[in-house]
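Step one of this worksheet: look at the structure below.
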Amino acid sequence: MKFFIDTANLDQIREANDLGVLDGVTTNPSLVKKEGNIDFHERVQEICDIVDGDVSAEVTATDFNGIMTEAHELAQLHENVVVKVPLIREGIKAIRALSDEGIPTNCTLCFSPMQALLAAKAGATYISPFIGRIDDISSNGMQLIEEIVQIYANYGLETEVLAASIRHPMHVKEAALAGADVATIPFGTIQKLLEHPLTDRGLQRFLDDWNAYQDELAEAV
Ligand code: E4P
């Protein structure tokens, strides 16, 4: 399973990248807005300079020509840029055209298996089902991941399932069990993946015992 970080924050990206397990980055207009007064294209380039992997950058146009213009601008920024396109009628058309041009795409805002099938047929590189936002409305986000993984497997579709809108470590675990190709994870959740109280307690005991053993050896001399 590939791990992407879901942020436009350079400090978070650097710290996650330093762990050595980061495969890419996803951004969206809301995440960019959180960063304050920054230039979007400049930020995408900065992210690409840090991470050696796919970096999703989202278009904001909603008509075919506008999406294509923005997509070409974004794709020119760096070879690792993946153009993120919303799962709307004009977006699907644009994904088909971009795919024909060899420009990688991440089809975003997916909330149903049939939307995911359309995106794959249009040639999307990634499909982003939003797990957390489905859970937020008392429905089952993980079921969507399972169904998309199954449908893509049935037909040998190559679009990668990118579990998005992840809120906590259980989402990552369940997406992995369901066979999602990628999880895009917020920084705080990446940190939580590391943590276990028994690891901390166990390490403390090992270190205490080691120090006591050293003291005994010193006393025996
Ligand atoms: C990433 O590609 C998505 O835009 C992001 O995961 C959405 O997450 P949210 O539902 O927490 O905003």
Side-chain angles (χ1 to χ4, degrees), residues 1-10 12-13 16-17 22-36 38 40 43-44 47-48 50-51 53-62 67 70-71 74-75 77-78 80-88 91-92 94-95 98 103-112 115-116 119-120 122 124-145 148-149 159-176 178 180-193:
M1 185 192 228
K2 288 191 266 187
F3 275 7
F4 290 178
I5 187 169
D6 199 20
T7 184
N9 183 278
L10 294 182
Q12 294 183 352
I13 291 169
N17 195 50
L22 196 64
D23 302 297
V25 180
T26 52
T27 64
N28 64 35
S30 306
L31 291 171
V32 172
K33 176 178 174 284
K34 263 192 190 173
E35 296 307 303
I38 58 163
F40 174 46
R43 179 52 56 99
V44 172
I47 295 172
C48 290
I50 298 170
V51 179
D54 285 351
V55 174
S56 287
E58 191 159 339
V59 299
T60 51
T62 53
I67 292 173
E70 283 186 35
L74 290 169
L77 294 175
H78 195 281
N80 288 347
V81 167
V82 174
V83 180
K84 215 168 169 193
V85 180
L87 211 162
I88 54 176
I92 291 294
I95 286 169
L98 293 166
I103 295 177
T105 55
N106 174 353
C107 186
T108 190
L109 289 165
C110 172
F111 294 95
S112 87
Q115 286 183 315
T125 313
Y126 296 102
I127 182 70
S128 287
F130 277 33
I131 306 172
R133 292 195 196 182
I134 295 178
D135 289 356
D136 287 346
I137 57 158
S138 306
S139 199
N140 186 345
M142 207 50 65
Q143 190 182 340
L144 176 59
I145 300 284
I148 296 171
V149 167
T159 300
E160 293 189 47
V161 180
L162 193 167
S165 188
I166 280 179
R167 304 268 197 262
H168 48 70
M170 285 303 287
H171 274 157
V172 182
K173 175 188 159 185
E174 287 168 12
D181 300 286
V182 191
T184 189
I185 316 171
F187 180 69
T189 305
I190 292 179
Q191 286 184 307
K192 284 183 191 150
L193 295 179

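Counting begins at 1 with the first residue of the sequence. Note that ligands are numbered from 1 as they come in the structure, with each ligand's atoms numbered from 1 the same way.
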Within the side chain of Arg43, is there an N or O that forms a donor-acceptor pair under 3.5 Å with the backbone of Ala8? yes
Can you pull out the closest protein heavy atom to atom 3 (C) of ligand 1? Residue, atom name and distance to 0.1 Å, please. Phe130 CZ, 3.5 Å
When you compare ligand 1 with Ser165, is there at least one nitrogen or oxygen pair between them that comes in under 3.5 angstrom? yes
Any idea which protein heavy atom is nearest atom 6 (O) of ligand 1, and the distance to it? Asp6 OD2, 2.5 Å
Does some side-chain heavy atom of Ser56 sit less than 4.5 Å from a side-chain heavy atom of Thr108? no
Testing Asn106, Thr105, Asp181, Asp54 for side chain to side chain donor-acceptor pair (under 3.5 Å) with Tyr126, which one passes? Asp54
Would you check whether Thr27 has a nitrogen or oxygen atom less than 3.5 angstrom from a nitrogen or oxygen atom of ligand 1? no
Any Arg167 heavy atom less than 4.0 Å from ligand 1: yes
With side chain to side chain contact (heavy atoms under 4.5 Å, CB included) as the test, pick out the partner of Val85 among Leu87, Ile88, Val82, Val83. Val83
Under 3.5 Å, N or O to N or O, is Asn28 touching ligand 1 that way? yes
Rounded to the nearest 0.5 Å, what separation is found between the CG atom of Leu144 and the CZ atom of Phe111? 9.0 Å
Can you find an N/O atom of Asn106 closer than 3.5 Å to an N/O atom of ligand 1? no
Output the list of atoms in ligand 1 that are nearer than 4.0 Å to some heavy atom of Thr26, sorted by atom number. 1 (C), 2 (O)
Give the atom numbers and elements of ligand 1 that come within less than 4.0 Å of a heavy atom of Arg133. 7 (C), 9 (P), 10 (O), 12 (O)
Does a side-chain heavy-atom distance below 4.5 Å link Val32 with Phe40? yes
Give a yes or no on whether the backbone of Ala61 and the side-chain of Glu70 come within a donor-acceptor separation of less than 3.5 Å. yes
Side chain, backbone, both or neither: which part of Lys84 has a heavy atom under 4.0 Å from ligand 1? side chain
